[in-house]
Amino acid sequence: MPTIMITGAAGFIGGHVAREAERRGGLSLRLMSHRRPPAGAAGAGPATAGSATAGPATAGPATAGPGSGSGFGHGPGAVVPGHRTVRADLSDPGSLRGVCEGVDVLLHCASQIGGTPEANEAVNARGTAALMAEARRAGVSRVVYLSTASVYGRGAFRAARPEDLVRNPGSPTSGSRAHAEDAVLAAGGVVLRPHLVLGDGDRWVVPGLARILRALPGTVEGWAARTSVITAQDLARLLLGAGLAPAGDLTASVYHAAHPAPVTVRTLLGAVAAVAGPAADPAAEDLTAVRARELLAARGIAAQGLDMLTSDHWFDSDPVWRDLRCTPGPDFEAAFKELAEGYRRALLDI
């Protein structure tokens with residue numbers, strides 16, 4: 001029975017990964033969290049203070065910080081009775097000593113999202129480097145790191161492959177996560193880069209889109225761009241699959257992680273508008289991007305979310321599904337129908 005350690009197991013994606021591992025069965029789980037133990041897990045080791053957070057796969061349009069707890073908007077936690085919890089803090093390398101002993105596969109899902117540049121550097125860059133040192137010392141056979149397509153910065157990406165792109169992070173969070181990637185790749189690990197992640201626990205993507213919709217009196221230059229999305233459940237399947245796949249099946253060390261079919265921004269925003277409650281009539285006006293930025297600035301909403309919606313952010317993810325022999329879940333419209341009621345409740349206060 002292989003032992004898998006999941007960092008950020010009480011957070012958004014880490015919680016989904018833990019639950020997916022429990023559903024799969026036949027695995028011994030070690031759940032690392034610097035906060036409360038994931039629900040149902042047996043505690044082990046002292047709690048440590050610090051700012052390491054189990055953040056989202058991508059820093060989407062919203063500005064809210066990482067969630068905790070259960071239910072939409074708060075992070076699903078990990079319902080994994082009987083599995084061991086290790087309390088450790090990525091910003092405190094000493095707390096990581098021994099956490100990888102006996103671990104076969106490390107799924108690194110914890111990140112600092114937002115906050116000060118110093119906090120991002122301490123957790124994402126130096127913390128990941130320290131964790132990789134522990135993984136090497138303990139003889140961990142596979143490391144998979146949950147990164148983000150935000151390491152590319154902004155631009156037009158059309159069916160883009162990792163090998164054809166140059167990282168150009170535009171924020172301290174993205175820059176520190178690029179450094180984390182370097183540490184993982186130097187240790188022989190695998191990196192997954194999703195773009196927009198939807199699902200139970202999302203406090204970034206859909207809430208951020210809802211804020212933008214409510215601030216604008218119409219569309220922006222037609223909302224014609226295409227974007228890559230994935231559900232947290234599908235992302236969890238890919239992370240676990242990458243951790244357990246035979247080495248010979250992996251043809252790359254960096255993969256994009258998304259549903260193979262991109263979604264138009266118009267379709268994405270239409271789905272969000274249907275669950276976000278009252279908003280301006282999207283047919284009232286077709287704004288220029290410059291005017292839209294002015295309106296968002298007047299409402300105190302950062303423009304980077306708009307930038308992602310007015311140019312293509314479509315990343316080729318076929319290789320990861322093919323290499324892992326995994327079938328993607330439902331397309332965006334079918335998947336969002338399943339998530340709609342949870343989002344509707346979560347957006348009542350947005």
Side-chain angles (χ1 to χ4, degrees), residues 2-11 13-14 17-18 21 27-35 38 44-55 57 83-113 115-148 151 167 169 172-193 239-240 242-245 247 250 252-255:
T3 295
I4 296 179
M5 186 167 83
I6 304 167
T7 70
I13 304 303
V17 173
L27 303 169
S28 174
L29 300 186
R30 188 177 304 178
L31 310 178
M32 177 178 146
S33 175
H34 86 286
R35 301 183 306 211
T48 58
S51 57
T53 58
H83 294 290
R84 180 184 175 193
T85 294
V86 175
R87 308 262 192 107
D89 185 347
L90 288 169
S91 67
D92 176 10
S95 73
L96 301 174
R97 185 69 179 174
V99 295
C100 294
E101 292 293 343
V103 170
D104 300 299
V105 176
L106 170 59
L107 304 181
H108 183 19
C109 303
S111 293
Q112 173 79 26
I113 307 299
T116 66
E118 293 77 15
N120 281 272
E121 183 70 17
V123 174
N124 297 337
R126 295 197 301 273
T128 296
L131 184 63
M132 292 305 99
E134 281 298 307
R136 287 194 298 268
R137 190 183 64 80
V140 175
S141 60
R142 176 75 52 79
V143 176
V144 181
Y145 175 53
L146 174 62
S147 186
T148 168
V151 297
R167 296 179 308 180
T173 294
S174 303
S176 62
R177 294 182 84 177
H179 289 309
E181 288 187 354
D182 292 340
V184 170
L185 294 171
V190 177
V191 170
L192 298 191
R193 293 174 182 156
L239 285 160
L240 192 60
L244 296 174
L250 300 178
S253 55
V254 178
Y255 292 96

**OP:** Go through the steps to decide whether V184 and M132 satisfy the test side-chain contact (heavy atoms from CB on, under 4.5 Å), and finish with yes or no.
**Re:** CA-CA 7 Å; V184 170; M132 292 305 99; 3.8 Å; yes
Subject >> Polar side-chain atom of R177 near backbone of I113 as donor-acceptor pair, under 3.5 Å >> reply: no
Subject >> Listed partners of A21 passing side-chain contact (heavy atoms from CB on, under 4.5 Å), at least two apart >> reply: L27, L29, L240
Subject >> Test log, rule side-chain contact (heavy atoms from CB on, under 4.5 Å), inputs R84 and T3 >> reply: CA-CA 11 Å; R84 180 184 175 193; T3 295; over 6 Å; no
**OP:** List the atom of P169, the atom of G175, and the distance in Å for their closest heavy-atom pair.
**Re:** CB-N, 3.5 Å
**OP:** Decide side-chain contact (heavy atoms from CB on, under 4.5 Å) for L131 and L106; before the verdict, give the C-alpha distance in whole Å, the side-chain angles of both, and the deciding distance to 0.1 Å.
**Re:** CA-CA 10 Å; L131 184 63; L106 170 59; 3.9 Å; yes
Original post:
If you round to the nearest 0.5 Å, how far is SG of C109 from CE of M32?
Top reply: 11.0 Å
**OP:** Could you tell me the separation between the CG atom of N124 and the OG atom of S91, rounded to the nearest 0.5 Å?
**Re:** 10.5 Å
Subject >> Nearest heavy-atom neighbours spanning L31 and A9 >> reply: CB-CB, 3.6 Å
**OP:** For E101, enumerate each residue passing the salt bridge (Lys or Arg N to Asp or Glu O under 4.0 Å) test, keeping only those at least two apart in sequence or located in another chain.
**Re:** R137
Original post:
Which pair of heavy atoms, one from R193 and one from S147, lies closest together, and at what distance?
Top reply: CG-CB, 4.2 Å
Subject >> Selection residues 115-130 - residue pairs positive for salt bridge (Lys or Arg N to Asp or Glu O under 4.0 Å), sequence neighbours left out >> reply: none
Subject >> All side-chain hydrogen bond (donor to acceptor under 3.5 Å, both in side chains) counterparts of R136, not counting sequence neighbours >> reply: none
**OP:** Over all heavy atoms of both residues, which pair between L250 and A245 is shortest? Give the atoms and the distance, please.
**Re:** CD2-CB, 4.1 Å
**OP:** Could I get the full list of ring pair (Phe, Tyr, Trp, His ring centres under 6.0 Å) partners for Y145, not counting sequence neighbours?
**Re:** H108
**OP:** Determine, step by step, whether T128 and H179 satisfy the side-chain contact (heavy atoms from CB on, under 4.5 Å) criterion, reporting the C-alpha distance in whole Å, the side-chain angles of both residues, the deciding distance to 0.1 Å, and the verdict.
**Re:** CA-CA 9 Å; T128 296; H179 289 309; over 6 Å; no
Original post:
Can you tell me how far the CG atom of L107 sits from the CD1 atom of I6, to the nearest 0.5 Å?
Top reply: 5.5 Å
Subject >> salt bridge (Lys or Arg N to Asp or Glu O under 4.0 Å) involving R167 - partner list, sequence neighbours excluded >> reply: E181, D182
Original post:
Which distance, rounded to the nearest 0.5 Å, do you find between the OG of S95 and the CZ of R87?
Top reply: 12.0 Å
Subject >> Counterpart residues, side-chain contact (heavy atoms from CB on, under 4.5 Å), relative to S141 (two or more places apart) >> reply: D104
**OP:** Return the minimal non-hydrogen interatomic distance between A135 and V143, and the atom names on each side.
**Re:** CB-CG2, 4.3 Å
Subject >> Euclidean distance, L192 CG relative to I13 CD1, rounded to 0.5 Å >> reply: 11.0 Å
Subject >> side-chain contact (heavy atoms from CB on, under 4.5 Å) partners of A129, counting only residues at least two apart >> reply: A183
**OP:** With sequence neighbours left out, write down each residue that passes side-chain contact (heavy atoms from CB on, under 4.5 Å) with S253, or none if nothing qualifies.
**Re:** L185
Subject >> Taking every non-hydrogen atom, the tightest pair across S111 and V123 >> reply: C-CG1, 4.4 Å
Subject >> Atom pair CG (L90) and CD (Q112), whose distance is rounded to the nearest 0.5 Å >> reply: 10.0 Å
